[in-house]
Q: 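Take this structure first; my questions come after.
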Amino acid sequence: MATKKSASPGETGLPAGLALLHEPLLNKGIAFTEAERDALGLRGLLPPTVLTQEQQVERVLENLRQLPTALDKFINLNGLHDRNEALFFRVVSDHPDEMMPLIYTPTVGLACQRFAHIFQRPRGMFISTGDRGRIAPVLRNWPQRDVRIIVVTDGERILGLGDLGANGMGIPVGKLSLYTACAGVHPATTLPVMLDVGTNNVEFLEDPLYIGTKQPRLRGKEYDAFVDEFMTATQEVFPGVVVQFEDFANQNAFRLLENYREKVCCFNDDIQGTAAVALAGLYTALRVTGSKLADQRILFLGAGEAATGICDLAVEAMVSQGLSESDARKRCWLMDSRGLVVKSRTDLNEHKRPYAQDHAPVGDFLSAVKAVKPTGIIGVAAVGQTFTREVLEEMARNNARPIVFALSNPTSKSECTAAEAYRWTEGRALFACGSPFDPITLDGKTHVPRQGNNSYIFPGVGLGLIAARARRATSEMFLASAQSLADQVPQSDLEQGSLYPALARVREVSAHIATAVAEVAFARGLAGVDRPADVQAYVRSQMYDPSYKSYV
Ligand code: NAD
């Protein structure tokens, strides 16, 4: 037995004994060293063997890989997250390709559907309509005071799964895990929030185990007042905290973003993060074609949060390249379930109207491709198999390098497969996807499609906002993040048809994006700290490293 005794539990400032083992932000489990076991009152509370963190990672992977289903793996990883955050993040950060689909999409969707039944212990905060009038004191129940980023949802449009009510809590939890894993945002500074305003999901309302408030969704003025009390309380309890809106339904998402973007540092990842990742894909594609964004004509299949978000940011980018706003809008064409978005239509919501074109109505997508002759098509309607052979052949006829982004999730909703995109364009498509596809070899050339995954953007944006203590999240920051992401695709990736960098490099990519975002905050007078001489070094110094620290 080791006899070295460097400090007593009281002297270290850490909790001791079981309290330390039960504190996930500090726990190292069986990796506590002999000296730590002596100093921290752990002797006898752990088996005698001391493992390294690397050995623990191997053990976690061994157990995980034996589990039969992705949901089992999700539950297992969730348990690890609750016990030992450093080990959880070491596993996820070191194996992003394997772990991200387990802790986030697609598995998190299934986990949310089953959330009430696999529930083990709470994580984050549930703010319910019953808390109206006391949201600030409720937020003060959170044990950490230095919260820098909140991801909040009301569970109404969870991924493509619709209204999952309070079960949607898996999304803010999973998303904040990605902030830490992909960009090193410190887990102690993150807070997942579920605004439980009821649910219209009949199955859940009838489920005795449902964890949320059993009432129809709050709507109208009452809903807005509830969200407003929450937003005010966030800034009162955690001054300057970044708020990221997630998976709100269209009818609320756009309005909430408009209401708060000029008041607090907030953004909506479904709208703005998606926009930046898609714009980055376009920038990368244009590196291949050598043309300018302002010279493109983009036709979107879908006209929801993703499509109009991408259009809004692309318009800002074109304006920054010298186009007028109205000319830039003429380069973005939308198609929704009722056809091409044109001026003669009387059924268009507010967010589609700016993109209504002076054109005769067109009902189907192939006819729209023939009429508009786009240089790029972007699918974000969640309707599978809509980029048909005819559509892709038409794109290939009109363009030397047609841009084809099939961004809808999950795979069954993808507008086309990677194989179809390459085959029907004679291998000339500049292709990006929302769902994962394996490399395709065609006529002796291997194409490596990569996902336009928001996880390339939002973690770096969040880190940049936090590092600069930014007072607002602006469109210019999202433009900078898109440019930074595109700049980080090496030439060798371009040559194999990859429009995004490898996911394994995401922490490095995020450090650059965070720097670009922070630079905008400093340049625009939106930062809450002085500009350091070396912004990138400063940003990197803020990144959480999940390696174990020595406590004695
Ligand atoms: P949304 O509900 O806001 O929008 C969907 C849009 O599709 C609506 O405008 C609707 O009118 C339109 N639509 C539905 N059926 C149609 C049809 N048959 N023809 C033409 N249009 C039709 O959803 P969203 O947030 O914009 O997401 C849409 C899809 O994009 C989802 O599959 C989502 O997973 C995917 N997405 C991918 C990424 C990514 O890869 N990075 C990011 C965000 C969203």
Side-chain angles (χ1 to χ4, degrees), residues 15 23-26 82 85 121-155 166 168-177 179-180 183 185-198 211-213 218 222-248 252-253 255-269 458-459 461-473 521 526-529 542 544:
E23 174 45 64
L25 282 164
L26 299 170
D82 287 343
E85 299 227 12
R121 57 181 285 186
R123 175 172 281 273
M125 297 200 83
F126 293 82
I127 316 265
S128 299
T129 46
D131 297 319
R132 273 179 285 189
R134 57 172 185 196
I135 295 181
V138 169
L139 283 180
R140 285 198 186 92
N141 286 342
W142 187 247
Q144 306 290 342
R145 294 273 53 88
D146 191 22
V147 173
R148 304 284 187 88
I149 185 160
I150 287 172
V151 173
V152 60
T153 187
D154 70 357
M169 184 53 142
I171 296 292
V173 168
K175 198 118 195 181
L176 283 165
S177 294
Y179 275 96
T180 301
V185 172
H186 198 294
T189 66
T190 69
L191 172 55
V193 174
M194 162 55 62
L195 290 182
D196 174 25
V197 294
I211 57 169
T213 307
L218 209 60
E222 277 188 299
Y223 175 90
D224 282 358
F226 179 69
V227 176
D228 197 59
E229 187 190 340
F230 167 73
M231 290 300 287
T232 306
T234 61
Q235 302 306 309
E236 190 185 314
V237 179
F238 309 114
V241 67
V242 179
V243 178
Q244 191 229 287
F245 298 109
E246 181 71 21
D247 283 359
F248 284 79
N252 294 319
R255 190 181 67 264
L256 293 181
L257 182 60
E258 280 319 306
N259 284 354
Y260 294 104
R261 67 193 303 169
E262 301 297 339
K263 293 185 189 147
V264 297
C265 187
C266 66
F267 68 98
N268 180 313
D269 185 57
F458 69 79
V461 169
L463 177 65
L465 294 172
I466 291 169
R469 297 284 190 140
R471 284 186 282 274
R472 298 287 178 275
L526 290 173
V529 293
Q542 310 272 303
Y544 167 77

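What you are looking at is a predicted structure, and each value in this text was computed from that prediction instead of being measured.
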Q: Could you check Met231 against Val243 for side-chain contact (heavy atoms from CB on, under 4.5 Å), going step by step and ending with a plain yes or no?
A: CA-CA 8 Å; Met231 290 300 287; Val243 178; 4.0 Å; yes
Q: Mind running side-chain contact (heavy atoms from CB on, under 4.5 Å) on Ile211 and Phe126 for me, showing each step along the way?
A: CA-CA 10 Å; Ile211 57 169; Phe126 293 82; 4.1 Å; yes
Q: Using the side-chain contact (heavy atoms from CB on, under 4.5 Å) rule, take Phe245 and Val151 through it: C-alpha gap first, then chi angles, then the decisive distance, then the call.
A: CA-CA 6 Å; Phe245 298 109; Val151 173; over 6 Å; no
Q: Given side chains that start at C-beta, do those of Asp146 and His186 come closer than 4.5 Å, heavy atoms only?
A: no
Q: How many angstroms lie between CG in Leu176 and CD1 in Ile171, if you round to the nearest 0.5 Å?
A: 11.5 Å
Q: List the atom of Arg472, the atom of Cys265, and the distance in Å for their closest heavy-atom pair.
A: C-SG, 3.7 Å
Q: Give a yes or no on whether the backbone of Thr129 and the side-chain of Arg132 come within a donor-acceptor separation of less than 3.5 Å.
A: yes
Q: Say you draw a straight line from CD of Glu246 to OG1 of Thr153; how long is it, rounded to the nearest 0.5 Å?
A: 6.5 Å
Q: Can a donor-acceptor pair be found between the side chains of Asp196 and Thr213 at a distance below 3.5 Å?
A: yes
Q: Check whether any side-chain heavy atom of Asp228 lies under 4.5 Å from a side-chain heavy atom of Tyr223, and answer yes or no.
A: no
Q: How about Phe226 and Ile135: do any of their side-chain heavy atoms sit closer than 4.5 Å?
A: yes
Q: Report yes or no: does Glu229 contribute a side-chain atom to a donor-acceptor pair with the main-chain N or O of Gly133 at less than 3.5 Å?
A: yes
Q: What are the two closest heavy atoms between Ala183 and Leu463, and how far apart are they?
A: O-CD2, 3.3 Å
Q: Is there a donor-acceptor pair closer than 3.5 Å between any side-chain N or O of Ser177 and the backbone N or O of Val173?
A: yes
Q: With a 6.0 Å cut-off (strictly less than), is the heavy-atom count around CZ of Arg255, excluding the residue itself, greater than 12?
A: yes
Q: Would you please test Arg123 and Asp82 for side-chain contact (heavy atoms from CB on, under 4.5 Å) and show each step?
A: CA-CA 8 Å; Arg123 175 172 281 273; Asp82 287 343; 3.0 Å; yes
Q: Among Ile150, Val193, Val147, Val237, whose side-chain contact (heavy atoms from CB on, under 4.5 Å) with Trp142 holds?
A: Val147
Q: When you compare the side chain of Phe238 with that of Arg148, does any pair of heavy atoms fall below 4.5 Å?
A: no
Q: Would you mind reporting whether Lys175 and Gln244 have side-chain heavy atoms less than 4.5 Å apart?
A: yes
Q: Heavy atoms only: give me the nearest Pro459-Tyr179 pair and the separation to one decimal.
A: CA-CD2, 3.7 Å
Q: Could you report the tightest heavy-atom contact between Pro187 and Thr190, atom names first, then the distance?
A: O-OG1, 2.9 Å
Q: Where do Val152 and Phe248 come nearest, in terms of heavy atoms and distance?
A: O-CE1, 3.2 Å
Q: To the nearest 0.5 Å, how far apart are SG in Cys266 and CG in Leu465?
A: 10.0 Å
Q: Where is the tightest heavy-atom contact between Leu191 and Gly124, given as atom of each residue plus distance?
A: CD1-CA, 4.3 Å
Q: Is the closest basic N to carboxylate O distance between Arg140 and Glu236 below 4.0 Å?
A: yes
Q: Nearest 0.5 Å, please: how far is CG in Leu256 from CG in Asn268?
A: 8.5 Å
Q: Taking Gln235 for the side chain and Val241 for the main chain, is one N or O donor matched with an acceptor at less than 3.5 Å?
A: yes
Q: Measuring from atom CG of Asn259 to atom CG of Asp224, what distance do you get when rounded to the nearest 0.5 angstrom?
A: 6.5 Å
